[in-house]
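Heads up, the thing below is written out as C-alpha cells.
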Protein chains: 2
Amino acid sequence: MIKIGIFGYGNLARGVEAAIKKNDDLELVAVFTRRDASSVKINTKGVNVYNAKDVLLFKDKIDVMILCGGSATDLPEQTPELVKAFNVVDSFDTHARIYEHYQAVDKNGKANSHVGIISTGWDPGMFSLNRGVMEAILPDGKTYTFWGKGVSQGHSDAIRRIKGVVDARQYTIPVDSALASVRNGENPVLSTRQKHTRECFVVAEDGADKARIEREIKTMPNYFDEYDTTVHFISLEELKKNHNGIPHGGFVIRSGETSNGVKHVIEYNLKLDSNPEFTGSILAAYARAAYRIANRRDFGCKTVLDISASDISRYTTEELLKHTL
Amino acid sequence: MIKIGIFGYGNLARGVEAAIKKNDDLELVAVFTRRDASSVKINTKGVNVYNAKDVLLFKDKIDVMILCGGSATDLPEQTPELVKAFNVVDSFDTHARIYEHYQAVDKNGKANSHVGIISTGWDPGMFSLNRGVMEAILPDGKTYTFWGKGVSQGHSDAIRRIKGVVDARQYTIPVDSALASVRNGENPVLSTRQKHTRECFVVAEDGADKARIEREIKTMPNYFDEYDTTVHFISLEELKKNHNGIPHGGFVIRSGETSNGVKHVIEYNLKLDSNPEFTGSILAAYARAAYRIANRRDFGCKTVLDISASDISRYTTEELLKHTL
C-alpha cells in the first residue's frame, strides 16, 4: 500500500479522497489543514485531520503528499517547501508561471532526494500530455484547445464581486462552428471571440440595476470583454436547482499533414460531471508514479510529459502487454 | 542528427520515409530490402538501397533501425534478431502474440545493450497509450475501442482470394448508435455485430456468379460471419477512382465514475487520410525515443506504455514547460 497524505481540504481534496477509495493500492493516512483541525470533517473513517504546522511529524509515515491548495498563493510556496520532506504531487495551473515553479521544485527535490510532480490534472495535465504526444507524432500541424462546456470558477467569482450580485455561475462554451472547422482539418485562424462564448447565470439583489450589472460583466477586461457573453438573471432557487454541479470538459485537436495533401486529425476530449473529482482522480494516479519514481531514485521535478503510462497504472507489465496494449 | 535505417520497403516504409522528412533531427542513411536492391527506387535522394543480408555492415553507422516488415512472419524473426546489432522500432500488431514478442526482444536487447520498441503505431500504439492512461486515471470504468471508418487490408485480401473476384476493398465502419451510447456514458454490453459493420466493394470477373461471391463473403468465418456485411459490385474503373486511398481511423472511449453517480467520459479519436503514413510518422517519433533511451543505457524491450511524451518530442524540457504543458 502506498501511504498518501492530503494537504489542504477543499473540493479538490474531497476529489482526491474519493479517488483513493477507487485505487486499492493507495491508502489515505492523514489530512492536513490550516484551519482548526477539529472543525474539519472528512469522508474517510479512521483517518485523522491534523494542523498543517504538524506536517513534518509525518515525514516518515507518508509516501506521497498530494497538495490540494490553490495556484495563486498556496502552491508556489507549499510545493517547493514540502518537497524538502515528502514526495509531492500538485495541480499548479498558472500556465505562465509553470517553468518558474518547476525550477523551484526541481532544485529542492534533488537536494532532498524527493520527487515532485507538478501541474497534474486535466489542463495542465491530460491536455498537456495529449498536446505533447500529438505534436511529436504529427510534427507538421496545428494544435487547438477548446474548453467547456463547463463552469469556470474564476469567472463565476469575478461576477460575484460586482455590486448587487448575490451569486453567479459562468459557463465557458466552445463555438460549434469553430470546433467543426478544426475537426475538419481546415486549420482555421481563430480569435479568442471565435473559439468560446461565455454564458452567465446571475442572481441579483432585489432592486439592483440589472442593466448596469450586465454591462459591467460584458465589459470586464480579460474576463469577458474579448468574448460574446450572454447574461441571464435567475432566482437563487433556480441557481441552486439547475446550476449546482461543477461540470467541465474540453477538446484538444491537432490536424496536420504527413506529406503533401495527406491529412490527419487527432482528437482528445473530456466530458466531466465533476471537475474536482476528475482532477483528484488524476492526482491519485500520479501519486502512484511519484512513489515508483522515488523508489528508482530519479529525484527532482517531473510533469505528465515526463511520466509513462505504466508508471501511473495499477497493472503489471505482463497485464498491460496482454490486456491494454 | 539521429541516423535512421529502414528495414523492408513497402507502404509503411514509404510512410516512415515521408515522416523523416518532417523531423529535422532525423536523417535517413540506408534502406534494406530482401528484393534485388537495384530494383527498389526510394523517395529520398542520395540514400542507397542495400540487400538485407548486408545489414550488419551498418552496425555502427545507424542509431535506430525502423523495421517495416509484416507481423505474420517477418517481425517475429527480424526484431529479436536485429536488436542484437541495432536499436530497433517495430509495429508488431498481432495482439495475442505481443507478450511473447516482448520477451524475445527484451532478452536479446538486454544481452546486447540495445533498445527495442515494439508494437508502435496507432493500434497497438496510440490507442494502447490512451487505453493505459485512461484506465489509470479513471479506474472504475469501461473502455471501448472502435475502428474505422477505414480500409482493412486483411479483409480486402480475404475477399480477393474468392474465386471470380478481380479486386476488392473492405471498409470497417463503427455502428453510430453503439458509439453514441458509449459516448453518452451508458456502458453498454456490445456484441461484435453491434460494434462494427463491414462494407465491401468488389470487382467480379465477367460472367462470375455474383450471388455465390456475396454468399461466400458474408459467411466467411472470423472475417465476416459475425458482422452485418454489405456487398457492392462495381467496375474496376470505379474501384480505382473512388477507393484508391488507405484511409482509417477509430475511437477509444472510456466512461466511468469517480463516486456514486458522478460520471466522466474520455475519448480519443483519429481520422486518417493514410494509415501507412500516419503509422510511419509514429514510428519516426519513437525512433527518437529509442535513441535517447539507449543513450541512458536503459536497454531491453519497451512499448508506448513505457515511454514518456518528452522522450518522443523534438522539444526541450524548457520549451515543453513553456509552450506545451
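All heavy atoms count here, side chains included; hydrogens, waters and symmetry mates do not. Every value quoted in this text rests on a predicted model; they were computed, and no experiment measured them.
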Check L129(B) against A309(A) and note the closest heavy-atom contact, atom names and distance.
-> CD1-CB, 4.0 Å
Between A96(A), S128(A), G15(A), the one whose heavy-atom pairs under 4.5 Å with chain B are most numerous | S128(A)
Measuring heavy-atom distances to chain B, does K263(A) have an atom under 4.5 Å in its side chain, in its backbone, in both, or in neither?
-> both
Could you give the distance from CD1 (I312(A)) to CD (E135(B)), rounded to the nearest 0.5 Å?
-> 10.0 Å
Of the listed S313(B), S259(B), G132(B), G261(B), the one with the largest count of heavy-atom pairs under 4.5 Å with chain A is S259(B)
Side chains of S274(A) and H264(B): does their closest heavy-atom pair fall under 4.5 Å?
-> yes
Could you tell me whether a side-chain N or O of K271(B) sits under 3.5 Å from a main-chain N or O of R183(A), the two making a donor and an acceptor?
-> yes
Minimal non-hydrogen separation, K22(B) against T258(A), with atom names = CE-O, 3.5 Å
Tell me, side chain or backbone of Y315(A) under 4.5 Å from chain B's heavy atoms, or both, or neither?
-> side chain
In terms of heavy-atom proximity below 4.5 Å to chain B, should T303(A) be classed as side chain, backbone, both, or neither?
-> side chain
Applying a strict 4.5 Å limit to non-hydrogen atoms, the region of Y268(A) in contact with chain B is both
Using a cut-off of under 4.5 Å for heavy-atom pairs, which of L321(B), V133(B), N269(B), V252(B) has the most such pairs with chain A?
-> N269(B)
Would a distance-only check, ignoring hydrogens and angles, find a side-chain to backbone donor-acceptor pair under 3.5 Å from R131(B) to L325(A)?
-> yes
Assert top hit (heavy-atom pairs under 4.5 Å, partner chain B, pool S119(A), A18(A), P124(A), P139(A)) equals P139(A)
Carefully, step by step, assess N130(B) and N130(A) under the rule side chain to side chain contact (heavy atoms under 4.5 Å, CB included).
-> CA-CA 9 Å; N130(B) 275 279; N130(A) 276 279; 3.9 Å; yes
Heavy-atom neighbours of D176(B) CG exceed 12 at 6.0 Å | no
If you tally heavy-atom pairs under 4.5 Å between each of N23(B), T145(B), T317(B), L270(B) and chain A, the highest tally belongs to L270(B)
May I ask you to test the V262(B)-F278(A) pair for a side-chain heavy-atom distance under 4.5 Å?
-> no
Under a 4.5 Å heavy-atom cut-off, does chain B meet the side chain of S255(A), its backbone, both or neither?
-> neither
Take D306(A) and S310(B) through the side-chain hydrogen bond (donor to acceptor under 3.5 Å, both in side chains) test and state the conclusion after the steps.
-> CA-CA 6 Å; D306(A) 306 309; S310(B) 52; 3.1 Å; yes
Considering residues, nucleotides and ligands other than R297(B), do more than 12 of their heavy atoms fall under 6.0 Å from its CZ?
-> no
Applying side-chain hydrogen bond (donor to acceptor under 3.5 Å, both in side chains) between Y99(B) and each of K322(A), E318(A), E319(A), report the one that passes.
-> E318(A)
Against chain B, label Q103(A) side chain, backbone, both or neither, depending on which of its atoms sit under 4.5 Å from a heavy atom there.
-> neither
Taking the side chain from S281(B) and the backbone from I137(A), do they hold a donor-acceptor pair closer than 3.5 Å?
-> yes
